[in-house]
Amino acid sequence: MTETSMDIQPQRSQWLDVWDQFKTHRGAVIGMLFFITVCLLVLLGPHLWPIDPHTIDIRAKNQGPTLAHPMGTDQLGRDTFAQVLAGGQVSLAVGVVAMLISLFLGSLIGVLAGYFRRIDGLLMRLTDLFLALPLLPLLLVIIMLFRDTLRASFGPNAGIFILIVFVIGITSWMQTARIVRGDVLALKEQEFVLAARSIGTPPHRMILRHVLPNVLSPIMVSATLGIANAIITESALSFLGLGFPSDFPTWGRLLFDSTNFMTLNPERVIWPGLAISLTVLSVNYMGDGLRDALDPRIRGR
Amino acid sequence: MLNFTIRRLLFTIPTLLFISFVIFFILDAAPSDPTGNLPLTIPPDVREKIRESLGLDQPMIIRYLLWCKQFFVNEPLNLLAQWGINIGDPDRLRVISFQTRSPVVDLIAQRMPQTLWVVGMSYVVGVLIALPIGIISAVKQYSWFDQMGTFISMIGFSVPTFFTGVLMIVIFSVWLGWFPSIYDTTLVVDSWRTLGLQIRQMAMPVFVLALFNAAQISRFMRASMLDNLNQDYVRTARAKGLRERTVLLVHVLRNSLIPVITVIALGVPQVFGGAIITEQVFKVNGLGQLLIIAIQGGDIPTVQTLTFIFAVLIVLFNLIADILYGILDPRIRYD
Amino acid sequence: MKLKSLLLGAAASLALASAAQAGRGDSGHLNIIYWQAASIMNPYLSGGTKDVDASSMVLEPLAHYDENGNMVPVLAADIPTVNNGGVSKDLTSITWKLKPGLKWSDGSAVTAKDVVFTANYCMDETGGCQQLAKFADVTKVEALDDLTVKITFGKPKPFPYGPFVGSTTPVIQARQFADCKGIKAPTCTEANFNPIGTGPFKVDEFRANDTITLSANQNFRDPDKPAFATVTFKGGGDAASAARSVLETGEFDYAWNLQIAPEILAQMEAKGKGKILAGFGPLVERLMVNLTDPNPKWGDERSTVKHPHPFLSDKAVRKALSMAIDRTTLVEVGYGKAGRVTCNVLPSPAIYNSTANDSCKVQDIAGANKLLDQAGWKRGPDGVRQKNGVRLSILYQTSTNAVRQDFQALIKDWWRQIGVETELKNIDAAVFFGGDQSSPDTFQKFFADIEMYANNFDGTDPEAYMGSWKCSEIPSPENAWLGANMPRYCNPAYDKLVAEMAGTADINKRAELAKAMNDMLMQDYVIIPLVWRGNVAARANTLAGVRLNVWDSDLWNIADWSREK
């Protein structure tokens with residue numbers, strides 16, 4: 001470790017360092033490449049693929065894979081490939097944004113509660129409250145209160161998007177908060193933190209420099225699980241009438257709709273399920289790489 | 001620690017009262033209605049009368065206080081009466097469900113066995129699988145075992161149970177005919193044969209749920225182990241000449257358990273909450289199914305009572321987790 | 001005495017005669033699955049179909065409807081009519097005679113007092129009886145003797161068969177429910193879960209919202225029936241898994257209400273373990289057209305008659321919307337064998353079915369386009385028609401349900417072809433049909449341009465159903481949105497027909513009037529019928545005697561069910 005730190009020029013930024021380390025992690029690089037490919041596909045795909053996901057062709061319903069429909073068609077003859085591409089836009093956007101909101105809330109509350117003993121009780125009782133709230137009725141109340149307002153001010157699609165990521169974010173941060181807090185409680189009593197505090201490091205720098213980097217691994221796991229959770233929850237929401245309109249495909253929705261057609265048309269089920277799983281897997285590997293890269297003990301090994 | 005526990009326990013009472021009020025408020029504000037599922041052939045004015053007979057014409061605060069009285073006073077008194085201790089008028093009103101017109105607490109007691117059998121068992125199985133997988137994956141990071149574990153747990157977590165459940169039924173009930181697709185809640189286990197039946201009907205839902213739980217817990221276990229494996233104290237321990245087994249299972253594991261304990265403590269109340277989707281898919285009809293039917297039917301007393309019991313468990317298990325932190329890492333202090 | 005011994009003798013000989021074929025309990029065990037679990041065994045406290053059906057195994061009315069919609073006596077000796085003197089000439093009273101010698105499952109005798117008690121039980125204002133509408137206009141119910149009940153109405157009733165006909169209004173035992181009237185109704189858990197009945201089965205164990213275990217009623221009036229000794233009535237899950245358990249795994253014998261994609265159902269049936277049954281009642285999936293403006297800018301006057309709809313008040317637009325729909329495809333996609341094309345909101349019973357509107361059976365996109373052109377709706381640059389700055393842009397709402405969402409997608413596509421833009425919205429069924437005052441998403445408030453759902457009526461008489469579209473039935477804030485006239489249709493000529501029907505007893509004349517009302521609604525295009533929906537059920541190949549009945553409980557003749565050897 002000492003060798004590497006001598007090689008590095010002093011002005012070299014910490015983030016370049018992290019990037020260098022990240023690059024050596026094979027899984028992370030593959031994961032990132034895959035994730036970027038998926039993003040590009042769902043962003044550009046609908047423009048390149050000639051079939052619109054809404055086109056109904058009732059004569060071509062429930063088809064297996066053919067040249068015209070490489071992933072087959074659904075019960076109304078809509079092209080599954082076009083739907084998976086279009087659905088990916090929504091699912092990825094909702095998954096990533098909702099996950100970020102939930103991680104931000106969870107880490108913030110977890111760190112604050114773990115680090116400042118005075119607000120620990122209050123914040124943790126708040127967490128208990130959120131854990132205890134009945135989700136479905138809560139969602140129905142939120143729809144009733146905010147859907148029309150948001151629709152009016154941001155337009156139908158943007159309004160619903162904001163509502164969905166907000167709803168998923170606000171109802172899924174609690175686990176992260178509890179885990180981060182638990183780790184911070186233990187971390188706070190370790191020698192290096194005591195040492196840093198004894199030389200008068202102010203709390204915000206303590207948290208950013210010493211505490212946060214050391215609780216990164218559970219946060220990364222939460223991120224991976226959070227994306228999967230958000231993608232699935234989004235589809236559940238659309239059944240309550242909270243999500244996007246029913247003709248707006250998303251991965252979770254495609255998976256749900258095709259479940260009953262499993263025996264009739266097995267190809268149709270595999271694709272959305274695979275898309276979700278592989279995306280989550282790639283995020284997981286990126287998370288692994290990032291965690292390793294940010295860990296000064298591993299860096300340079 | 002004892003001091004802390006007592007203080008926290010006392011503090012839970014106002015917390016829970018507050019939570020119960022918030023829950024009631026949300027349920028009342030939610031736009032579902034107890035007459036919503038009735039056939040459209042029942043005319044609107046009759047629906048109005050039905051609502052009145054359920055007491056829904058009363059203000060929200062009155063109904064909340066009534067529930068408090070029924071739940072916090074009448075139900076415990078009733079329980080005492082069952083044990084032969086009679087206090088006050090035996091004709092007191094218990095918490096009555098809108099849908100079934102029967103005491104909610106009795107419904108919950110009736111559903112406890114199947115929920116504990118299936119959801120509880122799946123949680124135990126999930127934890128028992130997850131811990132070794134997490135530990136081995138961390139110790140042998142990036143080995144083929146770790147890569148396989150990662151892959152399977154990602155699939156286990158990202159493919160929802162509504163899908164895996166139906167897939168299991170199609171394969172094991174329809175094609176192979178090994179397991180029943182419908183859970184029999186009336187089965188009484190009193191012989192080897194009935195035990196066999198019980199295990200067969202539990203197999204699929206337990207597997208589906210255990211996969212989901214194990215996927216999540218093993219990820220936290222692995223991440224936390226990895227964090228600790230690189231700590232200085234591990235190197236010290238190894239340098240002292242301790243056996244690798246001892247280093248891993250005593251020192252590293254103990255210090256890695258904090259996030260895992262948190263996750264498990266968060267998961268246990270959910271066991272009692274049942275698994276709504278899995279119970280629905282396999283027709284287990286446990287607490288999760290009771291809750292979802294009550295929510296759909298606008299059955300406020302049932303939803304309120306169930307949710308409140310979950311709240312109690314959540315608060316309780318989070319307290320247990322906090323106490324366990326202190327035992328695992330004596331440096332953690334709350335005072 | 002003489003009569004009794006005669007009856008006993010007859011019963012004994014009957015028992016001997018059929019003992020060779022099958023006796024009570026010979027068929028063993030029956031497994032029934034309802035994917036919505038029964039909550040209670042008392043249909044007066046829960047009118048849900050699942051609860052009514054479950055209780056129909058135990059409780060019986062005076063008369064049932066059979067699978068053709070004809071009344072057949074159950075506890076009554078015969079069906080009272082004006083001709084046999086059972087219904088008074090002025091149509092204000094009906095007198096039922098009970099079969100002699102009937103017994104409750106506890107062995108006590110069934111008397112007219114039980115019938116009177118049942119009526120009073122339901123008519124108690126504080127009890128929240130869900131079948132109250134069945135007792136509309138009833139002023140007095142009295143027992144003339146042990147076996148005779150007279151029901152008096154406050155006004156002439158051309159169709160006096162509301163109370164005690166069909167499984168929604170069975171007779172309950174006065175003794176068991178004596179302390180359960182009015183506000184005490186909900187506290188009688190034991191009676192509500194284990195009612196003493198006259199039906200072929202009695203409850204052994206009732207697990208609310210889960211499983212009911214029943215066994216043959218040893219005091220059932222036919223000594224050879226029921227053929228099954230025990231029944232398990234399982235609830236929970238979803239329609240697809242219920243169908244699977246009968247048709248694919250063979251775990252269950254009968255599954256109810258299987259609204260699943262037809263191709264999946266057909267694939268399951270191909271396994272050869274069971275049969276799909278379909279029966280057609282008056283259930284019609286329809287579009288309701290909002291004749292008033294749902295624009296939020298009107299605030300509290302949104303979707304009220306104060307503001308007519310900007311473009312749906314134009315009949316040409318409504319007609320074009322209907323013409324653009326290919327009902328044959330809808331049937332094929334959504335219902336298969338369980339659906340039929342219809343152009344009426346009242347397709348059944350057969351005497352009420354009009355043929356005046358059959359042109360809708362064929363889709364006519366070109367015709368719809370031409371109609372809109374003629375009416376002055378010109379296509380704008382985005383392909384959406386407009387006139388005087390009003391765009392044909394529709395918000396189309398319905399409840400969440402896989403078939404309904406498919407219908408929405410198809411109809412949206414057809415409407416696009418005639419230059420109408422559609423935004424889809426689906427709402428959780430519990431909210432949509434919930435009628436909660438604070439929710440903007442209920443079907444009564446109708447804050448959308450078009451909404452889709454299915455509706456029907458109980459029994460075979462459409463009078464009350466056709467009365468739904470009177471002016472006075474329009475939901476509005478003044479009547480707390482209570483009302484069944486979703487399109488907000490108000491036509492004095494229609495109201496006149498409704499009033500005329502209420503005073504007409506002759507069945508053929510009534511049919512004429514109902515048809516005229518149906519045609520008026522259809523030709524004004526305020527209700528656009530889509531599919532005449534059947535009830536779908538599945539039975540195992542080994543189950544004999546099932547006669548799927550859309551006019552009454554699915555299990556109305558469960559006493560006749562048996563196991564085929």
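Naming: A, B, ... by sequence-line order, numbering from 1 per chain.
The shortest distance between side-chain heavy atoms of R219(B) and M220(A) does not fall below 4.5 Å. Contact of the V280(A) side chain with the F157(B) side chain is not registered, since no non-hydrogen atoms from C-beta on lie closer than 4.5 Å. Contact of the L131(A) side chain with the N318(B) side chain is registered, since non-hydrogen atoms from C-beta on lie closer than 4.5 Å. Two residues are said to be in side-chain contact when any heavy atoms from C-beta on lie closer than 4.5 Å; S277(A) and V159(B) meet this criterion. Taking the side chain as every heavy atom from C-beta outward, L136(A) and I292(B) approach each other to under 4.5 Å. When side chains are defined from C-beta on, S158(B) does not count as touching I231(A), because their heavy atoms never get closer than 4.5 Å. A 4.5 Å side-chain heavy-atom check between V22(B) and L133(A) finds at least one atom pair inside the cut-off. By the 4.5 Å heavy-atom criterion applied to side chains, F220(B) and L225(A) are counted as neighbours.
Residues V141(A) and A29(B) approach most closely at CG2-C, 3.8 Å, considering heavy atoms. Here the shortest heavy-atom pairing between A186(A) and I258(B) reads CB-CD1, 3.8 Å. R331(B) and E189(A) make their closest contact through O-CG, 3.3 Å (heavy atoms, listed as atom of the first residue, atom of the second, distance). The shortest heavy-atom contact between T307(B) and A132(A) is CG2-O, 3.2 Å.
With a threshold of 4.5 angstrom between heavy atoms, T279(A) does not approach chain B through any atom at all. For I232(A), the part sitting under 4.5 Å from any heavy atom of chain B is the side chain, from C-beta outward, and nothing else. For F308(B), no part sits under 4.5 Å from any heavy atom of chain A, backbone or side chain. Interface remark: D183(A) contributes backbone and side-chain atoms alike to the contact with chain B (heavy atom separation under 4.5 Å). Both the backbone and the side chain of T259(A) come within less than 4.5 Å of a heavy atom of chain B. If you measure heavy-atom distances from Y325(B) to chain A, the contacts under 4.5 Å come from the side chain alone. Using a 4.5 Å cut-off between heavy atoms, Q304(B) does not touch chain A at all. If you measure heavy-atom distances from S153(B) to chain A, you find no contacts under 4.5 Å at all. When heavy atoms are compared at a cutoff of 4.5 Å, I19(B) approaches chain A by way of both its backbone and its side chain.
Among R178(A), R125(A), M262(A), the residue making the largest number of heavy-atom pairs under 4.5 Å with chain B is R178(A). Contact count versus chain A (heavy atoms, under 4.5 Å) is highest, among I155(B), V303(B), L167(B), V170(B), for L167(B). Options T150(B), L328(B), V312(B) differ in how many heavy-atom pairs under 4.5 Å they form with chain A, and the most are formed by T150(B).
Within the structure, the ring pair (Phe, Tyr, Trp, His ring centres under 6.0 Å) test picks out the following pairs touching residues 116-145 of chain A (sequence neighbours left out): F130(A)-W173(A). Among residues at least two apart or in separate chains, there is no side chain to side chain donor-acceptor pair (under 3.5 Å) pair with a member in residues 131-142 of chain A. Sequence neighbours left out, not one pair with a member in residues 15-24 of chain B passes salt bridge (charged side-chain N to carboxylate O under 4.0 Å, His left out).
Around CZ of F25(B), the count of heavy atoms belonging to other residues, nucleotides or ligands within 6.0 Å does not exceed 12. Environment of OH in Y233(B): crowded, with over 12 heavy atoms of neighbouring residues, nucleotides or ligands closer than 6.0 Å. Heavy atoms of other residues, nucleotides or ligands lying less than 6.0 angstrom from CE of M148(B) number 12 at most. Counting heavy atoms of neighbouring residues, nucleotides and ligands inside a 6.0 Å radius, atom CZ of F34(A) exceeds 12 of them. Atom CZ of F11(B) sits in a sparse spot, with 12 or fewer heavy atoms from other residues, nucleotides or ligands closer than 6.0 Å.
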With side chain to side chain contact (heavy atoms under 4.5 Å, CB included) as the test, would you mind laying out the steps for R222(B) and D288(A) before giving the verdict?
-> CA-CA 11 Å; R222(B) 174 181 178 272; D288(A) 265 9; 3.3 Å; yes
Check the pair K188(A) / D329(B) against salt bridge (charged side-chain N to carboxylate O under 4.0 Å, His left out), numbers first and verdict last.
-> CA-CA 11 Å; K188(A) 201 167 60 166; D329(B) 188 343; over 6 Å; no
Kindly indicate, with the supporting measurements, whether the criterion side chain to side chain contact (heavy atoms under 4.5 Å, CB included) is fulfilled by M154(B) and Y285(A).
-> CA-CA 11 Å; M154(B) 283 305 126; Y285(A) 276 114; over 6 Å; no
Test log, rule side chain to side chain contact (heavy atoms under 4.5 Å, CB included), inputs R181(A) and D322(B) = CA-CA 10 Å; R181(A) 167 178 171 271; D322(B) 282 356; 3.0 Å; yes
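Contacts between residues 22-29 of chain A and chain B, defined by a heavy-atom separation under 4.5 Å, are made by H25(A).
The only member of I314(B), L319(B), T12(B) that meets side chain to side chain contact (heavy atoms under 4.5 Å, CB included) when paired with D128(A) is I314(B).
Taking CD1 from I261(B) and CD1 from I179(A), the interatomic distance works out to 12.0 Å, rounded to the nearest 0.5 Å. With rounding to the nearest 0.5 Å, the separation of CG in D227(B) from CG in N214(A) is 7.5 Å.
No hydrogens or angles considered: a donor-acceptor pair under 3.5 Å links the side chains of Q216(B) and Q175(A).
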